[in-house]
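Notes follow the structure.
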Amino acid sequence: MQESLFKQLQDLEKETFGDNDFRISSNIKNYLIPVSDLLLNTIPSYMPEYTLHNINHCETILDNIRKILPDAVKLNIVELTILIQAVYLHDIGMVVNRSEAKNIKESPEFKSTFINFDSGTDEDEILTEYIRQTHVSRSIAYIDLFASDFATYKIDFSFQGIDLSDWIKSVILSHAKNVNYLKDEDQFPKDKLIQSYKVDIQYLSCLLRLGDILDFDIFRTPPFLYKHINPQNKISIEEWKKHQSIEGKYISDNLISFEAKCSSAKIERSVRNFINWIDIEIRETLELLDNNNNNHYLSIKSPIDFKCRNNGTYIFTDLQINLDYEKVLNILMGTELYDSPNIFIRELIQNSYDACKLRAEKAKRYNEAYTPQIKISYLSHNSTLIIEDNGIGIDEDIFAKYLTTIGKSYYKSKEFQSNNYNFSPISNFGIGIISCFMVSDSIEIDSARYYEPLQSPIPIHYILNLNDKFTEKRKSLKQSYGTKITLNLRDDFKAKLADSSLLNIIQSNMCYQEIPILLDIDGTSTLLDSKSIVVPDEYKYINNILIFNIENQDWIEGHIIVHGWQHQGIIKQTKVSQQCFTITSNSNNLSLSPVWLQMSQFAINISPPRKLKLKANRNKIDENEDFFFLKEYLLEFIINKFESEEYNDQLQNFLTSKPFYFSGNKNEYLFLTKNIKFNAIISDNIEQITLQQIAKTFSKQKIALLHRDYIKNELNISKIRPLFNDYSCIIIQDNSTDFFFGFIAPYVKEYKAIVTQTAGVVYYELNLCDNINPDVNDYVQKNTGRSHKLPEEIQIQYNGATDNIFCIIGNNQYNNLDLLINTNHRLGKLLKETKNTSFTKRFIGSFETNLSLSLNSNEQLEVYNNYNGQHHITLNNYEAYALKSIKIISLSFIESLNHSLLHDLLIPLKESIGYNEDYDYFLLSENDFPYWWIN
């Protein structure tokens, strides 16, 4: 094995200059190495997480070169001088001072690097990558600096008066290129004559490259330094751990071996990839040198020897995850992402809008006149659809970077964002174009990008095919700026177009056309150019609706229509758009309507100052702070309208109370508790009272809730008034009762259903808390509507007792029967304890169905029928069904009810879960019902 290269240089110096003349090695030792050492030690200032690139790295490279040099290969004094100087200076370009860093960040070259990173990437991390990519050219620039200022640096790049710096730079340049680059004999000559020496620059370059790549071991990444630096960058972490995995290496002129111990499959794969890279470098270098037929050669065997063991936590495998291009596309464009194939029209128009707006921005900067144009053409005879715009266009670079990469959007790139354009693009996800595959097997793109005035366009013409991941390139004849997309629609979608016209599809996906669209169908043209959201003219003739126009806002426009239940099928559903394009036409997706005003529809368009964050299919919204701001704004807008003089007497006409709960908005709470009014009997007078007044006036008192059917006239009032002598307030139960329940729920100590001895009279008694001090925080996130099935919080009182009757029919139904089962009654307790069993659910459902059918038909129940569960029977919300339950059942009904109770509930329950009582204990008699139920 050869001696150190530095010792070889000194020996040759003795032969050439005399025993004590070490002019070259002394200059390297006294000046070049100290300068290099000082500068290389500053690399961590801007590249703190990089593996070591210090003077030790340079000396290791020289030692690696010594080991791989065959004994028969002798480098001459000039070759050794060039090689040693190149090794010590090859990484010097990684050094950057504060001023240089500032200048780099402001340079166009840095900005072109910046755009290749995701938004949010730290600027210093990008600077690190920029320095790594450009360090070779910077190293070459340092050599020019050192050579031009000998007085300061005293580094001598000459040999007997001949300047060697060009060849030192060539050797340094080589380690940033591939091996084939070294075939350039002008830059890497194999027999350059310097003085009387033949110098092989190509061979020296190969040696630097191999010596550098073979510096792969733990000494490059000391564990103590790893802990101190604690790298966060994923690439840096992988580099450190990769080096730290090397347990041993052996390098000689004919054999190279590495052994490693890895802590994860990812690290092992990284090590194996690096070993493979070394192998490729050796193999390509040997192929290059074999063609030289000179005395400069290498005899390293390839492949190199490599062994790897792991720490026992994993089993290494080369099995990869492979994506099926066609299937991935089918998933992305299926109903999981887009709910309708019609969406492709919206996606294409959005792309054209963005392109036109960007072109308009450029036109402003160049003070150039520009009128955006979008045209959609459809030829039914050959099912061809074309959308064409005169927007910014697409070039080769943008096509390659963004249109061929699913999920990568140009408008999210630093390239776009760094230009500070004054518009907010609609497109963000980089997947819109693939929606075209829902209707067509190919997408033809013909485009020419606009850069600046008078610059001729360089058009592109590509075809994307559904069944082929490779693009098809064609010659473009396009002479104007903009983009033309051509689709050949499949037969299945062509048939759908016959039922739903292109015009309808466009109009349903847009609220208006900020940029006009010319629609041409088989030669018949229609210009779509509406400029605002318009209330349909026919709404002017509909009674009992309110139209609230949203005006004078820079981020939202449109209107809200409040209507009655009878207009549900007449008024158009909510349509929320953003930047003119529909987000959703399903109000249930957004829940913009307050719970107390559910018959309200929103036709609104949102603009960038408050732009909502959309899901990838743009049909759903990310419920972040911008969305909640929108909901709060609309809520307060509606409240302000109803508090205005024009509408302050209209609220009661449009209230919807099922189910009611406060949202937590303080203004809403104050508005509703002040404005919702209930009829009440106070001191024998019928008065109107608000929720606030109820709380302030009747705390620590009992109040009654009585259905309005009981007081239809003075005769009824006088008849039942003696039943309520103990109550200072009787709330009249009507279609707004749920507001009352929702408000009063937190302040009720005791809640009873009172079954009176007066036939058909059932009312509710509420015992209120002391010192009620209502506050909106008592309701936040609480659904305070009352329950209807086995309401554990309500007692049923009859003849002064709360356990003597099984059930009662109340007067608070919502289409279904208000059946209250007494959980203090012996059978009611069992039903409560077993309410989650199918036996109990079926029994209660069947029992309720029997009662509902009787009330619906006004026929007495003579026989109990087992319906094996509940059948939905619609009842009138506004009737007092307790009144209709007079003489609802007969003794024969009770007898047949007990038969089903025994065989369909009691026996199966005892067999499945068990209970202590006899069957007879739970069977019912006429005494378990109000006397006036029995005929």
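Only heavy atoms go into these numbers, but all of them, side chains included; no hydrogens, no water, no symmetry mates. Predicted, not measured: the structure shown is a model, and the values here were computed from it.
For the residue pair E636 / N667, a side-chain donor-acceptor distance below 3.5 Å is found, with atom types taken as modelled. No side-chain donor-acceptor contact under 3.5 Å links Q598 and S593. Inspection of the S435 and E347 side chains reveals no N or O donor paired with an N or O acceptor under 3.5 Å.
Residues forming a salt bridge (Lys or Arg N to Asp or Glu O under 4.0 Å) with D537 (at least two apart in sequence, or on another chain): K540. Remark: K631 pairs with no residue by the side chain to side chain donor-acceptor pair (under 3.5 Å) rule, at least two apart or across chains. Considering only residues two or more places apart in sequence or on other chains, T483 meets the side chain to side chain donor-acceptor pair (under 3.5 Å) condition with S447. By the side chain to side chain contact (heavy atoms under 4.5 Å, CB included) test, A360 pairs with Y370, sequence neighbours left out. In this structure, A400 has no side chain to side chain contact (heavy atoms under 4.5 Å, CB included) partners at least two apart in sequence or on a different chain. In this view, D775 and N777 satisfy the side chain to side chain donor-acceptor pair (under 3.5 Å) rule, not counting sequence neighbours. Remark: N549 pairs with V535, I547, E551, H559 by the side chain to side chain contact (heavy atoms under 4.5 Å, CB included) rule, at least two apart or across chains. Take I570 and apply the side chain to side chain contact (heavy atoms under 4.5 Å, CB included) test, not counting sequence neighbours, and it matches I542, H567. Under the salt bridge (Lys or Arg N to Asp or Glu O under 4.0 Å) criterion, E668 pairs with no residue, sequence neighbours left out. Residues passing the side chain to side chain donor-acceptor pair (under 3.5 Å) test with D441 are R490, sequence neighbours excluded.
D626 and K611 get closest at one heavy-atom pair: OD2-O, 3.7 Å. Among all heavy-atom pairs drawn from V576 and T574, the shortest one is CG2-CG2, 3.7 Å. The two residues I517 and Q513 come nearest to each other via the heavy atoms CD1-CG, 4.2 Å. Of all non-hydrogen atoms in D529 and P516, the two that sit nearest each other are CB-CB, 4.0 Å.
Residue-environment remark: CG (D492) exceeds the threshold of 12 foreign heavy atoms within 6.0 Å. Atom CD of E625 has 12 or fewer heavy atoms from other residues, nucleotides or ligands within 6.0 Å. For N624, the CG atom sits in a packed shell: over 12 heavy atoms of surrounding residues, nucleotides or ligands are nearer than 6.0 Å.
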**Message:** I'd like to know whether Y410 forms a side chain to side chain contact (heavy atoms under 4.5 Å, CB included) with K401, so could you lay out the CA-CA distance, the side-chain angles of the two residues, the decisive distance to 0.1 Å, and finally the verdict.
**Reply:** CA-CA 8 Å; Y410 168 71; K401 283 183 180 177; over 6 Å; no

**Request:** Apply side chain to side chain contact (heavy atoms under 4.5 Å, CB included) to L691 and Y669, showing your working.
**Result:** CA-CA 10 Å; L691 294 169; Y669 173 76; over 6 Å; no

**Asked** Is there a side chain to side chain contact (heavy atoms under 4.5 Å, CB included) between I443 and T486 once you walk through the steps?
**Response** CA-CA 6 Å; I443 305 169; T486 303; over 6 Å; no

**Message:** Run I689 and I731 through side chain to side chain contact (heavy atoms under 4.5 Å, CB included) and show every step you take.
**Reply:** CA-CA 9 Å; I689 187 170; I731 303 294; 4.2 Å; yes

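To the nearest 0.5 Å, atoms CE (M438) and CG (L466) are separated by 12.0 Å. From I376, atom CD1 reaches atom CD1 of I485 across 12.0 Å, with rounding to the nearest 0.5 Å. From Y378, atom OH reaches atom CG of L502 across 7.5 Å, with rounding to the nearest 0.5 Å. Here the NZ-OG distance, from K575 to S577, works out to 5.5 Å after rounding to the nearest 0.5 Å. Considering OG of S377 and CD1 of I387, their distance stands at 9.5 Å, rounded to 0.5 Å. Distance CG/L597 to CG/L672: 9.5 Å, rounded to 0.5 Å.
Partner Y353 forms a side chain to side chain contact (heavy atoms under 4.5 Å, CB included) with one of D389, L358, I374 and no other, that one being I374. Here the options are Q568, K572, Q573, the test is side chain to side chain contact (heavy atoms under 4.5 Å, CB included), and the partner is Q601; only Q573 passes.
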Show which side-chain atoms of residues 602-610 pair as donor or acceptor with protein atoms under 3.5 Å away, not counting sequence neighbours.
unit_1, atom_1, unit_2, atom_2, d
N605, OD1, Q579, N, 3.2
N605, OD1, C580, N, 2.9
N605, ND2, E557, OE2, 3.0

Atom pairs and distances, donor-acceptor, side-chain atoms in residues 647-654, under 3.5 Å, two or more places apart:
unit_1, atom_1, unit_2, atom_2, d
Q652, NE2, K677, O, 3.2

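Under the 4.5 Å side-chain criterion, counting only non-hydrogen atoms from C-beta, P594 is in contact with I638. Between I744 and L768 the shortest side-chain heavy-atom distance falls below 4.5 Å. For the pair L634 and I550, the minimum side-chain heavy-atom distance is below 4.5 Å. Counting heavy atoms from C-beta on, the side chains of I521 and T526 never come closer than 4.5 Å. Residues I561 and F548 are not in side-chain contact: their nearest non-hydrogen atoms beyond the backbone lie 4.5 Å or more apart. In this structure, the side chains of Y633 and I556 come closer than 4.5 Å at one or more pairs of heavy atoms. Side-chain atoms of F493 and F344, non-hydrogen and from C-beta on, do get closer than 4.5 Å to each other.
N390 contributes a side-chain N or O that, together with a main-chain N or O of T371, makes up a donor-acceptor pair within less than 3.5 Å. When atom types are taken as modelled, the side chain of R449 and the backbone of G393 share a donor-acceptor pair closer than 3.5 angstrom. Under the 3.5 Å distance criterion, the side-chain polar atoms of Q507 are left unmatched by any main-chain donor or acceptor of N504. The closest donor-acceptor contact from the side chain of K364 to the backbone of N422 lies at 3.5 Å or more, if one exists at all. Q578 places a side-chain N or O within donor-acceptor distance of the main-chain N or O of L612, the cut-off being under 3.5 Å. Within the 3.5 Å criterion, the main-chain N or O of Y421 finds no donor-acceptor partner in the side chain of E361. Remark: the backbone N or O of S532 is not paired with any side-chain donor or acceptor of S530 at under 3.5 angstrom. Listed for the E632 side chain is no donor-acceptor partner under 3.5 Å among the backbone atoms of F629. In this structure a side-chain-to-backbone donor-acceptor pair under 3.5 Å is missing from D354 to K357. Proximity of a side-chain donor or acceptor of S440 to a complementary backbone N or O of F437 within less than 3.5 Å is not detected.
A salt bridge is absent between K641 and E646: the closest approach of a Lys/Arg side-chain nitrogen to an acidic carboxylate oxygen does not fall below 4.0 angstrom.
Note: F642 and F637 fail the aromatic proximity criterion, with ring centroids not under 6.0 Å apart.
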